[in-house]
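FYI, side chains are in, hydrogens and waters are out, and symmetry mates aren't considered; it's all heavy atoms of this structure. In what follows, chains carry the letters A, B, and so on, assigned in the order in which the sequence lines appear, proteins first and then strands, with residues in each chain numbered from 1.
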Amino acid sequence: MSSRFNPQAADARWQKIWDERGSFRADDASPKPKSYVLEMFPYPSGRIHMGHVRNYTMGDVLARFRRMTGHEVLHPMGWDAFGMPAENAAMEKGVHPGDWTRANIATMRAALKRLGFALDWSRELATCEPEYYGQEQALFLDLHAAGLVYRKESAVNWDPVDHTVLANEQVIDGRGWRSGALVERRKLSQWFLKITDFAEELLDGLETLDQWPEKVRAMQANWIGRSRGLRFRFALDHVVGGIDHIEVFSTRPDTIFGASFAAVAADHPIAAALAAKDPALGEFIADCRRTGTAAAEVETAEKKGFDTGLHVIHPLDPNWRLPLFVANFVLMEYGTGAVMGVPAHDQRDLDFARKYALPVTRVVAPTVEQAGEPIHDEAYTGPGVIVNSHFLDGLGAEEAKAGIIGRAEEEGWGEGTTVWRLRDWGVSRQRYWGTPIPIIHCDACGPQPVPREQLPVVLPEDVSFDVPGNPLDRHPTWKHVDCPNCGKPARRETDTLDTFVDSSWYFIRFASQPGDRPFDRAVAEQWLPVGQYIGGVEHAILHLLYARFWTRALKRIGRIDVAEPFTGLFTQGMVTHETYKAADGSWLSPEDVVSRDGQIVVLDTGALVNVGRVEKMSKSKKNVVDPGPIVDQYGADAVRWFMLSDSPPERDLPWSEAGIEGSWRFVQRLWRITEPGEGASGEDRELDKRLHRTVAGVATDIEALSFNKAVAKIYELANAIEKAKPSASRDAAARTLIRIVAPMIPHVAEEAWARIGGEGLIADAAWPEVDPALLVDDEVTIAVQMNGKLRDTLTAPKGMDKAALEALALGSDRIVRLLEGKEPRKVIVVPDRLVNIVA
RNA sequence: GCGGACGUGGCGAAACCGGUAGACGCGGCAGACUUAAAAUCUGCUUCCCCUGGAGUGCGGGUUCGAGUCCCGCCGUCCGCACCA
């Protein structure tokens, strides 16, 4: 019998057996309780990295564990396969994006399979295949029919060299990230999804997501950004370009009597109208546009304004005029693009007022007596009562807000309203490698939906990337079609959908994928919502918000009765690694360095290496460890075990050579511990208790995704089994140990299970039963403290009464010595825990 | 500025409702086995002025008792940010 577990042979053997038996196929018709475990599907970049391995290992442990506890588990895998890198590869290497993507998928699928994940590969999907994106087109048309899709002119970042729209993140210092060309602002007609229609429910829905990290909920709430306040009109003292008033929004209408100016954004229509006659203002506006919106610039940018010479009339006093400025800190994109300035109670307004010598009037004070106290360098934003405000005097802020809103509505110059930070979702991308938007443009009839029977609108294969721009746009035939309405020649929409649309419903398609519809409602509803979703925090806002929106939109149009797609969300930490730098400052890869006599040196030269911070694995810092060779060397289980050990899953996991060695040692140790014995007899009650406590504890830890704690408990049990003398209990413990490690290190578990003659596959085994009687101790260790400091420990039967415990503690040699015959002032007894003697 | 985490040995970390701080792993040290090495096993491993004392970022507080609760600081990381 081999004394070593050989993953190179065993891993593939068990993977093949699971595959042939269809062990991890989810059965829609199963009567068992359903459990949907999902990890964020990967982009097929070409290789898997440690982050994937960690992510999918966590999900896998949970999925396998749920199977063991009697659930029918859906644990699928697929590919977020559209996107720019494929087009970049096409431009750089001349490969077709489809060929490149499909080859990458094949490579990555093989790499994932080597890790032995309990995935239902029969449901595998790739978003770049017409079977998927065609159904997405159908859903898009459903939303379109329901009025949740519209077309609007919108400013975009246009790269004039690549002839394409760039996302904000792709514009670096005003230049395209690839071409380096100065980016232009262009107005393009684009398709939008009405996510703002759902702002309120998306925000309120967050409160039901109690199994989401607080951080993610806070980020989404922030992003949606609800502000309640008053929208009201300031009449102008002169009509300019046909404009006789401006509309402003304020969350602090209670401070309206403290206003000392009004300001509009540089892009505001009135600014444009005024600039037409005033070159100086035109110059100022141009200047504002030059200032970027990057965080650093915003922080240092001075608050600047241009006095238009116009005045607005205070709505509560026709004789009160406030100067109107164009200001660089007012954003056209938020609220109405115009504000009232209340310097006493807003820091930004105060800075501005000081600069332009505008009045500062306190209208809120902590107490009425402080009404006359001047404002110095700091605006007062604290609580208090309204002062210097006529009929509002003496009211609290909330009452005053309600009062002003009521009056504005009564008098017709304003109304209470809610303003959202959230914008509608622009989904048009001027790219080839994405889902074609199923619309046909007709000069006579306007944009027409593609008739259902013509779906999917399939991407043409014969495209070239040797010229910049969108290949769909210049394809000789593809876009030329007849209008479905009038039959005259018309053009296909050549924009494709944002890839975030693809990932907004893939979890529904996993649950049900009929050929003729996006999904079967009844089947999908059996599985959804996803019980546990696992992925990186980088998707905390966009992907998770879009998926929530899409699901709610489908619910609103009656396609599925699920409001929130993901009941539980877990955001895992990154896999990190030390960084190494040579003397000349260049980065060194972990393969180039070696530890020698307690120092890190360059492998070839022996030169001393500077060991840098532990950081996220990245190509630029050369600290990437590729999972492939590691799996070759140590096998899938050692890698999986490493991913689960030590660091709590939400925190970063530092990869180390020593760590993977340790995991390898454990896998081998487990193999030795579980070697079938001679069939010893006899009971070992201590070990029995340890075993049952471990089984119960590991189950709790896995449910809570506290894998590091489960690992620690398993080590303790393994240590105890090794130390125990041969007995029937010891054999039973070893046997049970195999089952509880099975979700984490399934290959060695199967092999060990087969070796001891276990019935069936461990992949189909049940989680061991726990005998509650063995979870309670009959003896407990009592801590004996004096003045809160530990002085002694003693053993007592469980449940001993207070008086007996006190007597026992006072009889302890150490205590007798320390008391020196004096009487304790007080004795506190916590049964089964401790005795504290106060002297 | 707003929001969210976090701070415990040389390192990754445990510690349930306030009740024996440092479980478990890594690394290190010593030893066993071996001609030797690997592998494996055993013991030790928070610090110090070591019959004792100190100790969970710092300073206070509540309590018989605080890593845990309260107040005030310091520091690190992440997200958003001229949001009216």
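As judged by a 4.0 angstrom heavy-atom cut-off over every strand, S663(A) is placed among residues making no nucleic acid contact. Across all strands, D346(A) comes closer than 4.0 Å to no nucleic acid atom at all (heavy-atom distances). Residue-level contact check: Q785(A) touches the bases, meaning some heavy atom is under 4.0 Å from a base atom. Counting any heavy atom pair closer than 4.0 Å across all strands shown, V330(A) reaches a base atom. Among the protein residues, S647(A) comes within range of the sugar-phosphate backbone only, with heavy atoms under 4.0 Å from sugar or phosphate atoms but none that close to a base. Residue-level contact check: P213(A) touches neither bases nor backbone, having no heavy atom under 4.0 Å from any strand. Counting any heavy atom pair closer than 4.0 Å across all strands shown, R791(A) reaches sugar-phosphate atoms only and no base atom.
Exactly one of R548(A), R217(A), R226(A) qualifies for a salt bridge (Lys or Arg N to Asp or Glu O under 4.0 Å) with D204(A). That residue is R226(A).
Between the C1' atoms of rU68(B) and rG61(B), the separation comes to 15 Å (whole Å). Rounded to whole Å, the C1' atom of rC70(B) lies 7 Å from the corresponding atom of rU62(B). When the C1' atom is used for both rA21(B) and rG67(B), the distance is 8 Å, rounded to whole Å. One P atom belongs to rA38(B), the other to rC29(B), and the distance between them is 13 Å to the nearest Å. Taking the C1' atoms as reference points, rA36(B) lies 39 Å from rC47(B), given to the whole Å. To the nearest whole angstrom, the two P atoms, one in rC44(B) and one in rA23(B), are 12 Å apart. Taking atom C1' on both nucleotides, rA14(B) is separated from rU20(B) by 15 Å, rounded to a whole Å. As rounded to the nearest Å, rG79(B) and rG28(B) have P atoms that lie 35 Å from one another.
Taking the ring centroids of F352(A) and F329(A), they lie under the 6.0 Å cut-off. Less than 6.0 angstrom separates the ring centroid of W655(A) from the ring centroid of F642(A).
Each of rA15(B), rG12(B), rC80(B) was ranked by its minimum atom distance to the side chain of R421(A); first place goes to rC80(B). The nucleotide whose nearest atom lies closest to any side-chain atom of D646(A) is, among rG19(B), rA39(B), rG25(B), rG25(B). For E716(A), whose side chain is taken as the heavy atoms from C-beta onward, the closest listed nucleotide among rA23(B), rG25(B), rG79(B) is rA23(B). For A783(A), the listed nucleotide lying nearest its side chain is rU20(B); candidates were rU20(B), rC24(B), rG52(B). For R814(A), counting side-chain heavy atoms from C-beta on, the closest listed nucleotide (rC41(B), rC24(B), rG52(B)) is rG52(B). Taking only side-chain atoms of K709(A), from C-beta outward, the nucleotide of rA15(B), rA23(B), rG4(B) with the closest atom is rA15(B). Listed candidates were rG19(B), rG3(B), rG25(B). Nearest to the side chain of N719(A) is rG25(B). Proximity note for N222(A) (side chain, C-beta onward) versus rG79(B), rA84(B), rU20(B): the nearest is rG79(B). Distance from the side chain of V838(A) is smallest for rC64(B) among the nucleotides rA23(B), rA84(B), rC64(B). When each of rG4(B), rC83(B), rA13(B) is scored by its nearest atom to the side-chain atoms of Y334(A), the top-ranked nucleotide is rC83(B).
Close to rC83(B), at under 4.0 Å from its OP1 or OP2, lies a side-chain N or O of R348(A). Residue S227(A) has a polar side-chain atom (N or O) positioned under 4.0 Å from OP1 or OP2 of rA84(B). The phosphate of rG25(B) (OP1 or OP2) has no side-chain N or O of Y715(A) nearer than 4.0 angstrom. The shortest distance between the side-chain N/O atoms of N708(A) and the OP1/OP2 oxygens of rA14(B) is below 4.0 Å. Between R665(A) and rG25(B) there is no side-chain polar atom (N or O) within less than 4.0 angstrom of OP1 or OP2. A close approach under 4.0 Å does not occur between any side-chain nitrogen or oxygen of K789(A) and OP1 or OP2 of rC64(B). Distances shorter than 4.0 Å separate some side-chain N or O of R651(A) from OP1 or OP2 on rA13(B).
A syn base is found at rG9(B): its glycosidic angle is within 90° of 0. With a glycosidic angle more than 90° from 0, rC71(B) adopts the anti conformation. Anti is the conformation of rC77(B), whose glycosidic angle sits further than 90° from 0.
In this entry rG7(B) has rC74(B) as its Watson-Crick or G-U wobble partner, both defining distances falling under 3.5 Å. Pair assignment for rG27(B) gives rU45(B), based on Watson-Crick or G-U wobble hydrogen-bonding distances that are each under 3.5 Å. In this structure rC2(B) sits in a base pair with rG79(B), meeting the Watson-Crick or G-U test at under 3.5 Å. The pairing partner recorded for rU51(B) is none, the criterion being a Watson-Crick or G-U wobble arrangement whose two distances lie under 3.5 angstrom.
The distance from atom CD1 of I714(A) to atom C1' of rA14(B) is 15 Å, rounded to the nearest whole Å. Protein atom CD1 of I224(A) is 13 Å distant from nucleotide atom C1' of rC80(B), rounded to whole Å. Atom CZ of R54(A) is separated from atom P of rG12(B) by 14 Å (rounded to the nearest Å). When the C1' atom of rC82(B) is taken as reference, atom NZ of K304(A) falls 13 Å away, rounded to whole Å. Rounded to whole angstrom, the span from the CG atom of D652(A) across to the P atom of rG7(B) amounts to 14 Å. Residue L790(A) contributes atom CG, which lies 13 Å from atom P of rA54(B) at whole-angstrom precision.
R730(A) places a side-chain N or O within donor-acceptor distance of the main-chain N or O of I721(A), the cut-off being under 3.5 Å. Side-chain atoms of S260(A) never come within 3.5 Å of backbone atoms of L358(A) as a donor-acceptor pair (strictly under, hydrogens ignored). Remark: side-chain polar atoms of N328(A) are not paired, donor with acceptor, to backbone N or O of C288(A) under 3.5 angstrom.
One donor-acceptor pair, N or O on each side, does fall under 3.5 Å between the base of rC82(B) and the side chain of K303(A). Judged by distance alone with a 3.5 Å cut-off, a donor-acceptor contact links the side chain of N836(A) to the base of rC64(B).
A salt bridge links R233(A) with E415(A): the distance from a Lys NZ or Arg NE/NH1/NH2 to an Asp or Glu carboxylate oxygen falls below 4.0 Å. Salt bridge annotation for E675(A)-R672(A): absent, with no cationic side-chain nitrogen under 4.0 angstrom from a carboxylate oxygen.
Donor-acceptor pairing under 3.5 Å is lacking for the side chains of D652(A) and T576(A).
Between F306(A) and D287(A) the shortest side-chain heavy-atom distance does not fall below 4.5 Å.
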